[in-house]
Each structure stands twice: as structure tokens, then as C-alpha cells.
There are 2 protein chains.
Amino acid sequence: MAKEKKLVEEITSMDVDFAQWYTDVVKKAELTDYTSVKGCMVIKPAGYAIWENIQKELDARFKASGVENVYLPMLIPESLLQKEKDHVEGFAPEVAWVTHGGLEPLQERMCIRPTSETLFCDFYAKEIQSYRDLPKVYNQWCSVMRWEKTTRPFLRSREFLWQEGHTAHATAEEAEARTQQMLNLYADFCEEVLAMPVIRGRKTDKEKFAGAEATYTIEALMHDGKALQSGTSHNFGDGFAKAFGIQYTAKDNTLQYVHQTSWGMTTRLIGAIIMVHGDNSGLVLPPRIAPTQVMIIPIAQHKEGVLDKAYELKSTLLEAGFKVKVDDSDKSPGWKFSEQEMKGIPVRIEIGPKDIEANQAVIVRRDTREKIVVALPELAEKVGEVLTTMQSDMLEKARKHRDSHTYDAHNYEEFVKIVNEKPGFVRAMWCGDQACEDKIKEDTTATSRCMPFKQDHIADTCVCCGKPAKALVYWGKAY
Amino acid sequence: MAKEKKLVEEITSMDVDFAQWYTDVVKKAELTDYTSVKGCMVIKPAGYAIWENIQKELDARFKASGVENVYLPMLIPESLLQKEKDHVEGFAPEVAWVTHGGLEPLQERMCIRPTSETLFCDFYAKEIQSYRDLPKVYNQWCSVMRWEKTTRPFLRSREFLWQEGHTAHATAEEAEARTQQMLNLYADFCEEVLAMPVIRGRKTDKEKFAGAEATYTIEALMHDGKALQSGTSHNFGDGFAKAFGIQYTAKDNTLQYVHQTSWGMTTRLIGAIIMVHGDNSGLVLPPRIAPTQVMIIPIAQHKEGVLDKAYELKSTLLEAGFKVKVDDSDKSPGWKFSEQEMKGIPVRIEIGPKDIEANQAVIVRRDTREKIVVALPELAEKVGEVLTTMQSDMLEKARKHRDSHTYDAHNYEEFVKIVNEKPGFVRAMWCGDQACEDKIKEDTTATSRCMPFKQDHIADTCVCCGKPAKALVYWGKAY
Ligand SMILES: [Zn+2]
Ligand SMILES: [Zn+2]
């Protein structure tokens, strides 16, 4: 027994205090820790392994769609950041400035990249001469820095990890197609791998990216009814190309500006996984993203043959292609169960002397806690089945939660009442005027999350001002 | 024909100007480019793909040896950097300083990490309480920044990519074992994957890492006879633990300091690959690290059936597990040959109408230019054979080059003459006194590269001062 360590402590109930529940889970599941660097976190092995799996899956999908990886500098000279007017206004207030290199002051100060549009533009201006040099479909995996005032692990921190894709195309059509392609790639990834349903749509002008012509987004609903923007894809048109002079000679020998896009996903996704799937026992990881899928926990492991059998099952399952560990520490089985649940490992296998005698084991699903007694010769097959079922059940459950927390509002009174009383998405028509977005935010703190690709016409007039409606909008309080 | 593009230009001969040859190859093989950020480079797709393969191979070896990946902040508060005296003296003169966050000056300035010992120590001081928390064997993949005055792509740049492992152990013995384990892992990786032989040894006190008790190194010899430090592994003893207060309660209930190590490899390795294997036609990539192993070049591709056959061969080779591309651009075959050679793709397959008629293809090895006519049904098998042979031949060739450029010096006159006239390693005995290292550097610009693990006793006295010799040292001019 590990007497030095306190017993696995209770975490705050998510129904009592969701924010505290989140903080507790992040800490108890050993995903991150605080550091001496204010606003920056350590991502610990259990958290980083999730990010590695996200990277591996996304990167394979990127490469299958023709993306090539590159690496650009982490510093941006101030004059470069200032070349595109909207962009610098959006980012200058929140960057970290390097003013000294070694013992000398710099001639021009540089910021740590908050995002790399300006660097890619500077690079493309040199690289691209002819239509033969197009398209450029580059991506980089790196960290970026934004000087946030209030921070929370994964959701908002001064430094975070992400990928940023930056592309340049000969035509506006091709750029628009790539913008939507990547947004759909993100959405498919979230649904297929993270078991997280998302609303695909377009941001209003108020909410779009600094310098973009159009920003597309995927919006997920967390367990507490708040929205989380989970990935964005931007079409820049030729705005950056004009600011940076990125031109190519077309087939007809005319000089043309390129059309550009950018798109990104971040470590924020780990926060989304926690808040979509977690419960009062801790994390629940979808099998396809879990660094460990199966934890074998021996019962009465001091008895002869128990540990050997546990290792034997591990070998069988490893060979079958699952990610498996045995918890052979000297803790009690009950404690091991709690730890496995806290860490969100999808499946636990209990194996003790009685099971061995009966040539069976007990599989326990993390999400439903369903116990399944299985004959040992069928173990690998059954584990595969359970993981597959669990993956699709988790998506289904999240979808049901999302749908049952999505409300239609037909007038402002109804809208305000829903936002105040029912956590979730509110669908309502909008006139297209930013004044209505501003008023709604002022009155309710809800923001426009997106204009979904799948438009329904649920009323003729704007929910806020009563003028003719232009689009259906998903509204919600957001992280 | 691509008329817009100039024909593949000649690169400078390596025998005329090795430095210019290197710069030409880096540019023509499209590995990197310069940026508007002085001293920082863009790593382009062809260069980054090599780094991805290095990461993949190294990371798998790390994990097999029990390493877990984490991510720590990129900024270090000045007070944290200053906690270990030798360390701060070594790094403070060459770091970049962040002084402003957003619109506000920082209360305490922070540097961009030049290396992360101090951050890991700060983290470990909180994480480690009991012997049960040990060992910690963590690694991170990230970029670091050192404000170098003169820079060269891959070899020396202000920002570079690397991995840095940082471990904490209960005993001095365990830390020493891990230090040597990782050095040997690096050496095996270089020899097996990069086909690059290395000398494994220990640095003298003068050359060791700032704050280390012992630094182990692997030293490779480049084609021009200069040495390149290719990976280092440091044993810190309990020096950092004492500076940062990293203590644990041992089994006997006493309070003990941990013993620590760190070890790293960088994008410098790509420079090493270029300078060990390259020739006057460009890059030569060892098959195990090449992003593209086989380039199929159709001859007279406008003729019916040629391109189809090329794609068919590609499918066959892809299925057999090789990394294959077809160059179906509208350039001439001769141009395509030059490009494939410049980019160092290990094997080229030529297939034209006559080959198709004879049911054969021509395999050309990049390193020896040997041409092998092979019947199509045996193509995959033969390609595998050629790649395997090429991998081991490249190691053998590099080893022969290294050995034939390694000289023994028995007195100072001989030593100076060799250093001045014969590029390569010089083996000579040393008394252990830094004054002799200083004098040798002053007289010849050569430095002590390492005291090899495999010690020979080639003389009784120091080659410099004539006092009794303590160790055999490899000396050389270095990058
Ligand atoms: Zn309105
Ligand atoms: Zn001496």
C-alpha cells in the first residue's frame, strides 16, 4: 500500500461547480501543471500523449490531402507584423516583444509569433514567381504566444501548441475550396476520432479572423452548455497578397495576385475532450485518441499465477493491436480502479484467481461502467468490439446532449429567457447587422457562434431588431 | 519544357570551395531558405521531411527506453535562469530577452529558452517528493534560441529545432547509466539510420556543458575533414538539484538530492548528413532517412503506355513498403535525373518504351551511379536489395573516409604539421591540463573533440607539454 500518498481524492461534482470540476480533472488526471512562468503550463506525459495522438491523426489526414510540413521562425520583426492593417490591429495588443539579443538591444524589436500569416507571406513573396509554383499547401506544427490576461489549462494560455496551415492558390475558387476542405477535414476528425459532434458554419464579420475575408468554424457544445470554437479555416482572398506583393505570372503571361488561406487546431482540443466526455469520476477518453486503451488490473495479485496471467493477457492484446498496460503496482484494486477511471482509460480488465479458474475475465467500460464477463479465448475480439461500440456510443451520447441543449428562439423575449435559463445553443434568425450582435452580447453575454452551412428558415425576421432576416445563426455563451 | 525556369545550374565543386558547395546544396536541394528574420531560416518541405524522419526514428527509440514526452514553456524568468551559477554564465550572453507582454512592460524580463534545464528543475522540484516518484525520464521536442553572431543553415542558427531529454534519478549510478545509455542510443542511431560513423567519448572540462559534471559526445568527421559534434549527453550529478532544492524522501526516510541528466540532438544532424554523404551532384540521402527513396522517371513519357507503366511500378513499390514518387512533370529526362540527384533520392528507376518491350527497367544507385537492369517481376525485390546494400555501403564508405583521415601524433611538431596539412582527426595523448588545450587552440585552431571511450595508449607523455599523459584525445578543427 502506498502510505505516503493520500487516497485518490474526490473531485468536485460537475453539477456543483463545473469550472472547479474541470480544474480538478486536469490536475488529478495528471494532464498539466502550473509553472513559475505566469500563464504558461507544463503539459505532462498523460496530456502530451493525447496531443501526440491528435497530431498523428491530423497529420496523416493533412498529408493525404496534399499538405507539406515546413518550419518558419518564431520571431516576427515589428515592420513585418504591421504590413497588413487589420491583422496588426488584431494581434499587436497581445504579443510578447523581444527587445534584446544577447547583451545588445535590437535595432528593431520582434514579437514571438501569435500566428504566422505575416511570415508565410514574406516567404511566399520570394518563393512564388510563376503559376508553376502554385499551389503552395504548407503547414507547421509549433507553439505560439498570446499575452492573455486570464488563463485556464488548455482553454486559454499564453503559450499553446497548434498547427497552422497556410496556402497560396492561383484562383479565388481554389482558395475557397481549400478553406472549406480543411474545415470539413477538422469536423470529420472531431466526429470520427474525438467522438465530438460539431456545427460547421461561417463566422459573422464581427467574429472573423483579423485580416480574413471569410472565417469558417466548427463549434462544439460542452457538457455545461457552453460552446467551444474547436477549429477555424480562413479565406484571405488576395488581401495579404496585396499587402505583401505576392504575385505570379499566369499562363497568359499576366501578373496576378495569389489567393490565400490559413487554418488551425490547437491543444484546446484536449480541453474539449475533457468537457464533452468527462464525468464525476474524471476523464473519459474516446478509444481512438486514448494513449492507453486497456488497463489490466490483477485482483489478489500476490496469489500464484495472477500476475503471470495478467502479463499473458497484455501480450495477447498488444499483438492484436491494442494499447495496453498492466497496473502491477502495490496499490489496492479499488485504488487502481479509481486511477484508471480518473485517467479516462476506456476499458479495464479485471482478472483474479476465480476468473483464472473459470478461464474468464471481466471487461468494464469506462463510459457506461457496464461489466462484461468474457471467456479468455475471446478476449481480444471482445475488447475490439467494446472499444468500437464505445467510440460510436460516445459520439451518439454527445450528439444527443448537444441536440437536447439546442433551442430555437423566435422573438427576443424568448431568446433572452433561453440564454438565461437554459445552457446550450440558441438558434435564431439574424438581420446581418453587427448592432444586433452587440446588443445581444451586451444583454446576455451570448455571442454568434456561426451561421451553419445547413441553413433552416425558422422565422422571417431578426430575433433582435425585427428587420428582415438574412441568416440562421447559432448563438451561445462560449469559452 | 519548363522554359520559365533556368536549367539546373552547376553547384560549386566541393574540392574548390567546400563551404560554398554546402550553401549551394542546401539551396538547390530546396532544404532551407533565408528569411527576413536575421539568423533564422525557413526549413522547406524537403528539409523538414528529413527532420520528421529523424524525429520518428529517435522518438521510437526513446520510448522503447522508457522516455515520456512532455512540453514546458518557451520562456524562462531571469531569476530562474540565474539559479545555477555555471549555467547562467554559459547562456546569459546569448539569449533573447522578452521585456514586454502586450502593451505593458514585464515586471521581470524573461528569455526565450536556449535550453530548458532550469525549467525542468523548477518542475521537478514540485513533482518529486518520494523515491516512488523516481525516476523521471522526460523529453521534449521544441525549438530553442541562441543569439549567434554568425550563422549557417542547419549548422548554426539563432533558432533551431531539437529534442532535449531531462531525467532525475535516485542515485548517482543510475544517472550515469542513463547518460551513457542515451549517448549510445544516439551513436547507434547515427550509424544505423544516418550511415554516419561516430567517435563516442567524453568532453574535457573545458569543452563540457555549462553546469555539467560530465559531458559525453559523439563526434563525426565531415567530408572536408572537420569534426561535427552530433549529439551530447550530460551528467549533472546533484549540482542542479542543490541549486533548485530537488529532494526526495528515500526508503529509509532520509531526505536526498536527486541526480540529473540531459541529452539532445538537433537539426544540425541534417547538416551532418549533407557533409558526410554529399557529392558534386548534390545531396546523397541514406535510404533509411530519405523521405523519397525511389524516383521513377519515365523516358519518352508522351508515348503510349509509358506513364501507365510508371504508375503501375509505383503502386507495386508502394505496396512493397517503399517511399516512391513518379516524376511525370513536363521536364526532360536529363533534367529530372539532375533534380533527383541534387535532392539525394537514393534510387532512380528509368522506364521507357524499349524497357517496357523487354519487360525490364533500369535501377540507378545515387551513391555509386551503378546501373542495374532488372526484369519487372523482380523489381520490388531488387529495389529492396539495392537500398539495403546502399545503406551499408554508405556507412562503410564514410567509415573508411574517417579512418583514412585520422592520424596519430607523438610530438608537438608532428601534431601541428598534421593539423595544418591534413584535414581530419588527430589522436594524441594529453596531460589533463587545460593550459595545453588552450595552447593547442591558440597555435592551430584545433580543439579537443573528446576522450574516446576506447582508449589507446599511443605515448607516455602529453603531446603538448611533455608531462605524463592521462588520456588519449581526439583533436580537430570543428564546425
Ligand atoms: Zn437585427
Ligand atoms: Zn600537457
Side-chain angles (χ1 to χ4, degrees), chain A residues 2 4-5 33-45 47-49 51-52 68-77 79-80 92-104 106 109-110 112 119 122-123 126-127 129-130 132 138 140 142-143 145 147 149 158-159 161 249 267, chain B residues 2 4-5 33-45 47-49 51-52 68-77 79-80 92-104 106 109-110 112 119 122-123 126-127 129-130 132 138 140 142-143 145 147 149 158-159 161 249 267:
Chain A
E4 297 86 343
K5 219 171 161 185
D33 212 337
Y34 296 98
T35 66
S36 298
V37 190
K38 195 170 169 289
C40 296
M41 59 181 172
V42 174
I43 306 182
K44 294 167 76 170
Y48 198 80
W51 181 239
E52 285 182 309
E68 296 181 293
N69 285 336
V70 297
Y71 187 79
L72 269 63
M74 70 153 83
L75 296 182
I76 307 175
S79 56
L80 204 59
E94 59 174 37
V95 296
W97 291 104
V98 174
T99 56
H100 287 70
L103 306 172
E104 305 287 328
L106 300 185
R109 66 178 185 165
M110 298 195 243
I112 298 175
L119 291 165
D122 190 51
F123 174 46
K126 277 187 280 190
E127 282 278 301
Q129 312 293 335
S130 146
R132 289 172 184 279
Y138 290 169
Q140 75 176 352
C142 63
S143 74
M145 187 158 273
W147 215 255
K149 292 229 159 64
R158 287 185 172 170
E159 183 184 5
L161 302 180
T249 309
T267 34
Chain B
E4 296 87 342
K5 219 172 162 182
D33 212 339
Y34 295 98
T35 67
S36 297
V37 190
K38 192 167 170 291
C40 296
M41 60 181 172
V42 174
I43 307 182
K44 295 168 78 168
Y48 198 79
W51 181 239
E52 285 182 309
E68 295 181 294
N69 284 336
V70 297
Y71 187 78
L72 267 63
M74 70 154 84
L75 296 181
I76 307 174
S79 57
L80 203 59
E94 59 172 37
V95 296
W97 290 104
V98 174
T99 56
H100 288 70
L103 306 172
E104 306 287 329
L106 299 185
R109 66 178 186 165
M110 299 194 245
I112 297 175
L119 290 164
D122 190 50
F123 174 45
K126 279 186 278 190
E127 283 278 300
Q129 312 293 334
S130 146
R132 288 172 183 280
Y138 290 169
Q140 74 176 351
C142 64
S143 74
M145 187 158 271
W147 215 254
K149 293 227 159 63
R158 288 186 172 170
E159 184 184 6
L161 302 179
T249 309
T267 34

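These numbers come from the heavy atoms of this one structure, side chains and all, not from hydrogens, waters or symmetry mates. Every chain is numbered from 1 and lettered A, B, ... according to where its sequence line falls, protein lines coming before strand lines.
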Task: For A:Gln129, all residues meeting side-chain contact (heavy atoms from CB on, under 4.5 Å), sequence neighbours excluded - done: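 side-chain contact (heavy atoms from CB on, under 4.5 Å) check on A:Gln129 returns A:Asp133.
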Open item on the list: So for A:Met41, is it side chain, backbone, both, or neither that comes closer than 4.5 Å to the heavy atoms of chain B?
Closed with: backbone
- [ ] Against chain A, label B:Lys126 side chain, backbone, both or neither, depending on which of its atoms sit under 4.5 Å from a heavy atom there.
- [x] side chain
- [ ] Can you tell which part of B:Val95 gets under 4.5 Å to a heavy atom of chain A, answering side chain, backbone, both or neither?
- [x]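 The answer is the backbone of B:Val95.
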For residues 69-77 of chain B, tabulate all N or O donor-acceptor pairs below 3.5 Å that involve a side-chain atom, not counting sequence neighbours.
residue: B:Asn69; atom: OD1; partner: B:Asn139; partner atom: ND2; Å: 3.0
residue: B:Asn69; atom: ND2; partner: A:Glu52; partner atom: OE2; Å: 2.8
residue: B:Asn69; atom: ND2; partner: B:Asp59; partner atom: OD1; Å: 3.0
residue: B:Tyr71; atom: OH; partner: A:Ser143; partner atom: OG; Å: 3.4
residue: B:Tyr71; atom: OH; partner: A:Glu159; partner atom: OE2; Å: 2.5
residue: B:Tyr71; atom: OH; partner: B:Arg113; partner atom: NH1; Å: 3.4
residue: B:Tyr71; atom: OH; partner: B:Arg113; partner atom: NH2; Å: 3.0

Got a second to check how far [X]'s [atom1] is from [Y]'s [atom2], nearest 0.5 Å?
X        : Y       : atom1 : atom2 : value
B:Glu127 : A:Lys44 : CD    : NZ    : 3.5 Å
A:Gln140 : B:Ile43 : CD    : CD1   : 10.0 Å
A:Ser36  : B:Leu80 : OG    : CG    : 5.5 Å

Open item on the list: Quick one, A:Val37 and B:Leu119 - any side-chain contact, counting heavy atoms below 4.5 Å?
Closed with: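 In short, these two side chains touch, coming nearer than 4.5 Å.
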TODO: Locate the shortest heavy-atom distance separating B:Trp147 from A:Met110; write the atom from each residue and the value.
DONE: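 Looking at all heavy atoms of both residues, the shortest contact is CH2-CE, 3.8 Å.
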Task: Among the listed options B:Leu103, B:Thr35, B:Leu161, the residue most often paired with chain A at heavy-atom distances under 4.5 Å - done: B:Leu161
